[in-house]
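Read through the structure below, which is laid out as structure tokens, and then see the notes.
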2 protein chains.
Amino acid sequence: MRPKITLKQIAKELDVSISTVSKALRDSPEIGEDTKEKIKAFAKFYNYKPNNIALSLKNRKTKTIGIIIPEIVHHFFTTVISGVEKVANELGYNVLVCLSDNSFDKEVLNMEMLANGSTDGFIMSLAKETMQKGDYHHLVEAINQGMPLVLFDRVIDEITCDKVIIDDVNGAKKAVQHLIDIGCKKIALISTVDYVSVGKLRTKGYKTALKDNFFNVDESLILKIEEMDESEAEIERFLKDKDIDGVFAVNEHFAISAIKAIQENGKKVPDDVSVIGFTDGELSKRFIPSLTTVSQHGTRMGEEAARMLIEKLENTPAEDEKYKTIIVETGLVTRNSTKS
Amino acid sequence: MRPKITLKQIAKELDVSISTVSKALRDSPEIGEDTKEKIKAFAKFYNYKPNNIALSLKNRKTKTIGIIIPEIVHHFFTTVISGVEKVANELGYNVLVCLSDNSFDKEVLNMEMLANGSTDGFIMSLAKETMQKGDYHHLVEAINQGMPLVLFDRVIDEITCDKVIIDDVNGAKKAVQHLIDIGCKKIALISTVDYVSVGKLRTKGYKTALKDNFFNVDESLILKIEEMDESEAEIERFLKDKDIDGVFAVNEHFAISAIKAIQENGKKVPDDVSVIGFTDGELSKRFIPSLTTVSQHGTRMGEEAARMLIEKLENTPAEDEKYKTIIVETGLVTRNSTKS
DNA sequence: CAAAGGCACGAAATCGTTTTCGTGTTGAAA
DNA sequence: TTTCAACACGAAAACGATTTCGTGCCTTTG
């Protein structure tokens, strides 16, 4: 076992001072050519690499960014991480991933862990519980401490910071408009409870699209799901014998549960009922029938978020005054769950 | 903006020495009760938290573990991360996630980045390219530097370290045995190329099960896929007009492609052909017909890996001599893609 | 021949902690 | 009154690196 070598050891071995070694390795003109040569050769031979921790302490920056998400076993978040990772790595940053499990307490704990020097900034999507409680003191704290923060997907207006979102309203509108365009008359909405911002916004898009086309909004065609775990049964109950010809669901799972329910009711997708989901994941592509979805471009969101955060990190805090909100546009991917 | 407060600042403010503050906060008996009170109150008020970086430098341990995986948009790896995160957090560790994108160079780069003080140890699954090249110098380096390493899933015999694997051979055997038990006579195998260890092992399990039941191994029923991207077309070509009544695929995607191909051939799953996949992901659960799979328990693997790594980290390197390989057993989840 | 300037290097501070080893003050015992 | 614990606290080194500011020596020039 050969532990890592330090400047001090090189200095002692070569009988020069630590400063000389440091300068030689950074190619300072202060050091004579031959001494440089000698030191560099020695360092290379022993595979010297500066210790990141020491550098972090000295420079007061860690070159790592923390990302806190509600859950990782959710394809959308995974793609976001992938995007963050890509950009971060290109720019010499590491990524610390933390999971809040949708719990407020875990979210706060995670932030506190990371805020004490472990990261230079945060990229996060809020836990469901956090949005429900409306307690954002941990975010405020972080910002006050001078840590840049970029929120994505599940964001809130109360906090002023950089944000990356998709145009939920518009995405939903597009989807519903598409349903209308292909001839649907009675379109159901399967959404989440309103305190999850995306649920609220997509519901708004749904209603707007209906109104734009002079349909009236029938509240009995709207289902708001609280418990993910019971969504399947709830959706089945909701669609039982319902007279509809179109469904817009705010995520893949709801869409698939809807298809199942519809098929169990003896109807066909897409012949009798067209279904559109949100979030273009593996499931949508592979399911039979494959799902027409509003695609969310998670990777792009991650990339944008990382770019914004790093820009804040590398620029002087002088011009830190203005915050941006990037809206990543959605796309409609047409597949086999809708009539053509 | 109120930046983080340090010991030094507390010391100056309260007109005591840094050492006194440090000791007071750690409740040392050396410090008088009243001074302690005063310091603690002050620290609490200003929400003092020791700087992790400084601690890391001092203690020569970062309390973070690095996990390097080939790709994150793969449900199995996601569940592993989730397991690692859980255990790590419980034990006060952070998790640094890096993606190798199945590239050897990126894997090496990532390791070098993290090895210079950023992490105390590694949990990783090797990139496809790495296994293909057979170049493991970066792993050897890390181990030589005294960094514990736990390999999971895609492991190799050449490196001596802790490992977490599933019993691929046995899992495959179980699956094929199940196919045989329900009456299949001609069972196809859809696998990956042999240098991916899991492909090799599952192939072995497949053959063993056949032999155990006195079937003979028909190489024309075995497909080995090199390029993930073209897997769907390849599988379709392979199954075209093939006279089979069972398929064992080494992952979800292959299984689903197989089902599609079979259906396009005018046959029914599971009535005409039974299909079993490997890795129990979202897809398997939600697909119609839902997939009978060999479940891999990614979360458990992650938990075990994290536990092993942290144990190594916290114990004296004296008893470091023995390495364990934990085998997480697989389960067979019976669903609708197989006859009952 | 002396002063000045340049070259090549070293000492020390710094980042924020922890910890070891003093050291000054107080009280009590001799 | 002297001596010695005990007590409460401070100074300084250490972790590993960077950087500012010297400083000694050699060469050149007036």
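Below, chain A is the first sequence line, B the second, and so on; all start at residue 1. FYI, side chains are in, hydrogens and waters are out, and symmetry mates aren't considered; it's all heavy atoms of this structure.
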Worksheet item: Looking at DNA chain D, which of residues 33-42 of chain B put a heavy atom within less than 4.0 Å of it?
Response: B/T35

List the residues meeting side-chain hydrogen bond (donor to acceptor under 3.5 Å, both in side chains) with [X], not counting sequence neighbours, and say none if there are none.
| X | answer |
| --- | --- |
| A/N110 | B/N89 |
| B/S22 | none |
| A/K163 | none |
| B/R307 | none |

Item to complete: Return the set of residues passing ring-ring contact (aromatic ring centres under 6.0 Å, His included) with A/F42 (not counting sequence neighbours), or none when no residue passes.
Response: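 Applying ring-ring contact (aromatic ring centres under 6.0 Å, His included) to A/F42 gives A/Y46.
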
Discussion item. My understanding is that only residues two or more places apart in sequence, or in another chain, count here; which of them pass ring-ring contact (aromatic ring centres under 6.0 Å, His included) with B/F77?
Written reply: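 Applying ring-ring contact (aromatic ring centres under 6.0 Å, His included) to B/F77 gives B/H74.
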
Just by modelled atom types, is the [Y] backbone N or O under 3.5 Å from a matching donor or acceptor in the [X] side chain?
| X | Y | answer |
| --- | --- | --- |
| A/S118 | A/A115 | no |
| B/T119 | B/T64 | no |
| A/N51 | A/I53 | yes |

Worksheet entry | Terminal axes of the helix from C/dC1-D/dG30 to C/dA30-D/dT1 (five pairs each): angle between them, nearest 10 degrees | 90°

Worksheet item: For A/K63 and D/dA17, what is the distance between atoms NZ and C1' respectively, to the nearest whole Å?
Response: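 To the nearest whole Å, that distance equals 16 Å.
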
Worksheet entry | Interatomic distance, A/I31 CD1 vs C/dA11 P [rounded to whole Å] | 13 Å

Worksheet item: Who are the salt bridge (Lys or Arg N to Asp or Glu O under 4.0 Å) partners of A/K40, not counting sequence neighbours?
Response: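 Listed in chain order: A/D27.
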
Worksheet entry | A/E33 and A/K36 ion-paired at < 4.0 Å | yes

Worksheet item: So, are A/D101 and A/K106 salt-bridged, with charged N and O less than 4.0 Å apart?
Response: yes

Discussion item. Generate the contact string for nucleotides 15-23 of chain C. Rules: B means base contact, S means sugar-phosphate contact only, - means no protein heavy atom under 4.0 Å.
Written reply: BBBBBBB--

Listing time: all N or O pairs from protein to nucleotides 25-28 of chain C that are below 3.5 Å?
none

Worksheet item: Can you list every pair that meets side-chain hydrogen bond (donor to acceptor under 3.5 Å, both in side chains) and has a residue in residues 137-151 of chain B, with sequence neighbours left out?
Response: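 Counting only pairs at least two positions apart or across chains, the side-chain hydrogen bond (donor to acceptor under 3.5 Å, both in side chains) contacts touching residues 137-151 of chain B are A/N47-B/E141, B/E107-B/H138, B/D135-B/H137.
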
